[in-house]
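Here's the structure, in structure tokens; my notes come after.
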Amino acid sequence: MFSRTVLSSCKRAPKACLLRGLATEASVAPAAPEVVQVDAALSKKTARPNLHTGVILNRSPIITRTPTAFEKAYYAYQARIHRALHNPFPYDFYFKQGSPLESRFNIEERRRERKAFGAPFGMQTGETSEAEKLAEATMRDEEEAMPRIHEADINSDFKNLQRRGQRNLYLLLQKQENGVAVWRFPQGSVDRGELLHHAATRGLEIECGNNMDTWIVSRNPIGVFHPPSPASTGGTEKDVVFFYKAHIMAGQVRPNRTQAQDFAWLTKGEIKTRVDENYWLGIKDMLSDF
């Protein structure tokens, strides 16, 4: 019904229909700039960020951690239970009577008794034989324990890998960013078509030299960091840093002086005092507390 009415009106006034059609086309034409603006906004949103890879190079603890008072009490309690319930060792079957080995075993056994139950358990009764005296002198020479505090801790040598033996240490490099000295993990850019873990290995060698034997744990990053955009770019350029975990097995850092001015092996707490707050909030969950 509607189409018949339109056709009949066009037969009566063909010029009016033509003008109406031209008006419709003219009203649609101005929408083109709006489409251009939407396309520009989409292209700005889909701009690719600059990819970088960082390496969290770790030196694992080299000595066991000092136990707490509760841990010491727990281990002493377990040792007493073990000593009270264990079957006596048939030493006469394994050692010749009166031999130095038998004397050494008897001395060690008395020490274990005294440590587990205290005096008077494990105390020497009777005269000491010559074999026992010789065994005691030999054991005193063997039991000189290494100090748990290294010389590097006393001298505050942050470049020494022997410092803070009970803690995890991480490598930080001192670099220049916008004319300001900052501390950062080893970091490098990613070339077009390059795999991220390959870029991490290459960047570590460029900044730290090839005097280290390192091992990158996985091909997958352990974290990502979005640094703030520089003010000079107006916030249009975005950077993304993918961090990889690595261990140093041997060697030492020899930083490239064009890339870094200094380096230090630091614990998590020491890193917090050297980096800015924004960088710290982005990396703190990737580090071990011990």
Open item on the list: Cation-pi check for F263 against K159: NZ or CZ below 6.0 Å from the six-membered ring centre and within 45 degrees of the axis, yes or no?
Closed with: yes

Task: Atom CD1 of I222 with >12 non-hydrogen neighbours under 6.0 angstrom - done: yes

Task: Flag if over 12 foreign heavy atoms under 6.0 Å of CZ, R254 - done: no

Looking at side-chain heavy atoms only, is the closest gap between [X] and [Y] below 4.5 Å?
X: T201; Y: I216; answer: yes
X: N278; Y: F225; answer: yes
X: K238; Y: H226; answer: no
X: S189; Y: N50; answer: no
X: I63; Y: P61; answer: no
X: T214; Y: M249; answer: no
X: Y170; Y: S288; answer: yes

Short question: side chain of [X], backbone of [Y] - any donor-acceptor pair under 3.5 Å?
X: N160; Y: Q162; result: yes
X: R163; Y: W265; result: yes
X: Y244; Y: R219; result: yes
X: S156; Y: A152; result: no
X: R148; Y: G165; result: no
X: N58; Y: H247; result: no

Please determine whether residues [X] and [Y] belong to a single hydrophobic cluster, defined as Ile, Leu, Val, Met, Phe, Trp and Tyr linked transitively by side-chain heavy-atom distances below 4.5 Å.
X: I206; Y: M212; answer: no
X: L101; Y: F89; answer: yes
X: F243; Y: W280; answer: yes

Might you point out which heavy atoms bring [X] and [Y] nearest each other, and give the distance in Å?
X: V55; Y: A246; value: CG1-CB, 3.7 Å
X: Q166; Y: R65; value: OE1-CA, 3.4 Å
X: Y279; Y: D276; value: N-OD1, 2.9 Å
X: L51; Y: F242; value: CD2-CE1, 3.9 Å
X: R257; Y: D262; value: NH1-N, 4.0 Å
X: P227; Y: D239; value: CD-O, 3.3 Å

- [ ] Please report the C-alpha distance between T267 and L169 in whole Å, then the side-chain angles of each, then the deciding distance to 0.1 Å, and finally whether the side-chain contact (heavy atoms from CB on, under 4.5 Å) criterion is met.
- [x] CA-CA 5 Å; T267 62; L169 296 183; 3.5 Å; yes

Open item on the list: Show, in sequence, the C-alpha distance, side-chain angles and deciding distance for L57 and F185, and conclude whether the side-chain contact (heavy atoms from CB on, under 4.5 Å) test is met.
Closed with: CA-CA 8 Å; L57 188 59; F185 288 116; over 6 Å; no

Task: From CA spacing to verdict: side-chain contact (heavy atoms from CB on, under 4.5 Å), Q174, L172 - done: CA-CA 7 Å; Q174 189 181 44; L172 255 70; over 6 Å; no

- [ ] Hey, could you give me each pair passing salt bridge (charged side-chain N to carboxylate O under 4.0 Å, His left out) that has a residue in residues 192-210? Not counting sequence neighbours.
- [x] K175-E207, D191-R202, E194-R202

Open item on the list: Regarding D289 and K284, does a basic nitrogen lie under 4.0 Å from an acidic carboxylate oxygen?
Closed with: no

- [ ] State whether E270 and R167 are salt-bridged, where the test is any N-O pair (Lys NZ or Arg NE/NH1/NH2 against Asp/Glu carboxylate O) under 4.0 Å.
- [x] no

Task: side-chain contact (heavy atoms from CB on, under 4.5 Å) assessment of I283 paired with I271 - done: CA-CA 10 Å; I283 64 166; I271 290 175; 4.2 Å; yes

- [ ] May I ask you to check whether Y94 and F105 place their ring centers less than 6.0 Å from one another?
- [x] no

- [ ] Let me know which of T53, L173, I56 forms a side chain to side chain contact (heavy atoms under 4.5 Å, CB included) with P186.
- [x] L173

